[in-house]
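Atoms within each ligand, like the ligands themselves, are counted from 1 in listed order.
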Amino acid sequence: MKNYLMSEAIGDIAGSAYEGRSHRTKDYNAIKLFSSRARYTDDTVLTFACAEAFLKGLDMATNLWKCGNELPNAGYGSAFKLWLSSHDPQPYGSFGNGSAMRCSSAGWLAQSEEECEEMATATALPTHNHREGVKGAVATALTIFHLKLGANKQEVEESILRKFYPEWHGLSYEQIQPSFTFNSTCPGTVGPAIICFLESTDYVDCIKKAIALGGDADTLAAIAGPMAYAYYKEMPDSLVYEALKKLPQWMVEVNSAFDKEMNTLFKR
Ligand SMILES: [Mg+2]
C-alpha cells in the first residue's frame with residue numbers, strides 16, 4: 001500500500017464541493033467526485049500537519065499552529081481561527097469534529113492499541129481537550145488501526161461503534177440518511193462516518209455515502225475515507241493523481257515521507 005494520507009485528502013476534496021448549506025446533497029447518484037469546486041480544506045491541512053509532526057518529531061501544537069497560519073483560508077471553524085491568531089495558543093475544550101478529521105496518521109503509524117490511543121490523544125489535545133474531542137480522535141484512529149491490521153467490519157462494529165458511540169450502534173445507513181442534518185461535533189460525526197464505512201462496497205462508495213448524508217460533507221468523507229482504505233487496501237489511481245495535483249508541495253512531500261515510514265514500520 002501507499003498514499004496512506006491521500007485517503008483522507010481525497011475524501012476532503014471530494015466532499016468540499018458539497019460543503020455549505022446551498023451545496024449539500026442527499027442524491028448519491030448525482031455526486032461527482034472532484035467537480036470544479038473541489039479543493040482541499042482545513043481537514044487536509046491539519047491531517048498533514050499532524051502527520052508531519054509525528055514524522056519529524058515536532059511539537060504537535062506548534063506544527064498545527066504553523067501549518068494553519070501558513071494556509072489561513074482553508075475553512076477553519078471560528079474557534080480554531082481565534083486559536084491560530086493567538087501568540088500563546090491554549091486548548092479550548094472543543095468537542096468539534098476537527099479532532100477526528102485530522103488524526104488518521106495516528107491510526108496508520110501506531111504499532112499497538114495503546115500507542116494508537118496515545119498518538120490520537122496527542123493530535124487532539126492542543127485544541128480539543130474536551131472528553132468528547134479526545135474520544136472522537138481515539139475512536140477514529142483505532143478504527144483505522146484495527147482495519148489496517150486485518151479486522152473485519154463486525155469487529156469494528158462491536159469494538160468501536162458499540163463501545164464509543166452506542167447511540168449510533170445498530171442503526172443502518174438507510175435509517176439515518178433521510179433525516180441527517182449538519183452537525184460539526186465529534187459525537188454527531190464519527191458514528192455516522194463509521195456507518196458509511198460499514199455499509200460501503202469499496203472506497204469510492206464509502207466517500208459517496210458520506211457526502212450523501214447531506215451534512216458536514218468534507219469532514220464526514222475525510223474521516224470515513226481512511227477507514228475504507230485501511231479495509232479495502234485500494235483506491236482508484238486516478239483519484240490519487242487528481243488529488244495530488246491539488247495539494248501544495250509540502251503536503252506532497254509529507255505524503256511520500258509518510259509512505260516511506262509506513263513501509264519501514266510494517267515491512268514483514
Ligand atoms: Mg473542511
*Asks:* Check whether Asp259 reaches the backbone of Asn3 with its side chain - one donor and one acceptor, N or O, closer than 3.5 Å.
*Replies:*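 Yes.
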*Asks:* Table please: side-chain donor-acceptor pairs of residues 231-241 below 3.5 Å, with sequence neighbours left out.
*Replies:*
{"residue": "Tyr232", "atom": "OH", "partner": "Lys153", "partner atom": "NZ", "Å": "2.9"}
{"residue": "Tyr232", "atom": "OH", "partner": "Ser200", "partner atom": "O", "Å": "2.6"}
{"residue": "Tyr232", "atom": "OH", "partner": "Ser200", "partner atom": "OG", "Å": "2.7"}
{"residue": "Lys233", "atom": "NZ", "partner": "Leu147", "partner atom": "O", "Å": "3.2"}
{"residue": "Lys233", "atom": "NZ", "partner": "Lys148", "partner atom": "O", "Å": "3.1"}
{"residue": "Lys233", "atom": "NZ", "partner": "Ala230", "partner atom": "O", "Å": "2.7"}

*Asks:* Mark yes or no: Lys81 above the aromatic ring of Tyr76, with NZ or CZ under 6.0 Å from the six-membered ring centre and no more than 45 degrees from the axis.
*Replies:*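 No, a cation-pi geometry is absent between Lys81 and Tyr76.
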*Asks:* Taking the Mg ion (ligand 1) as the center, what protein N, O or S atoms are found at less than 2.8 Å?
*Replies:*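 Those protein N, O or S atoms (cut-off: under 2.8 Å from the Mg ion (ligand 1)) are Thr41 OG1, Asp42 OD1, Asp43 OD1, Asp218 OD2.
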*Asks:* Decide whether a cation-pi geometry holds between Lys135 and Tyr165; the criteria are a distance under 6.0 Å from NZ or CZ to the six-membered ring centre and an angle within 45° of the ring axis.
*Replies:*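 Judged by the rule (NZ or CZ under 6.0 Å from the ring centre, within 45° of its axis), Lys135 counts as positioned above Tyr165.
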*Asks:* So do the side chains of His128 and Arg102 get within less than 4.5 Å of each other, counting heavy atoms only?
*Replies:*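 They are in side-chain contact.
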*Asks:* Less than 4.5 Å apart, side chain to side chain, heavy atoms only: is that true for Phe266 and Met1?
*Replies:*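 Side chain of Phe266 against side chain of Met1, heavy atoms only: no contact under 4.5 Å found.
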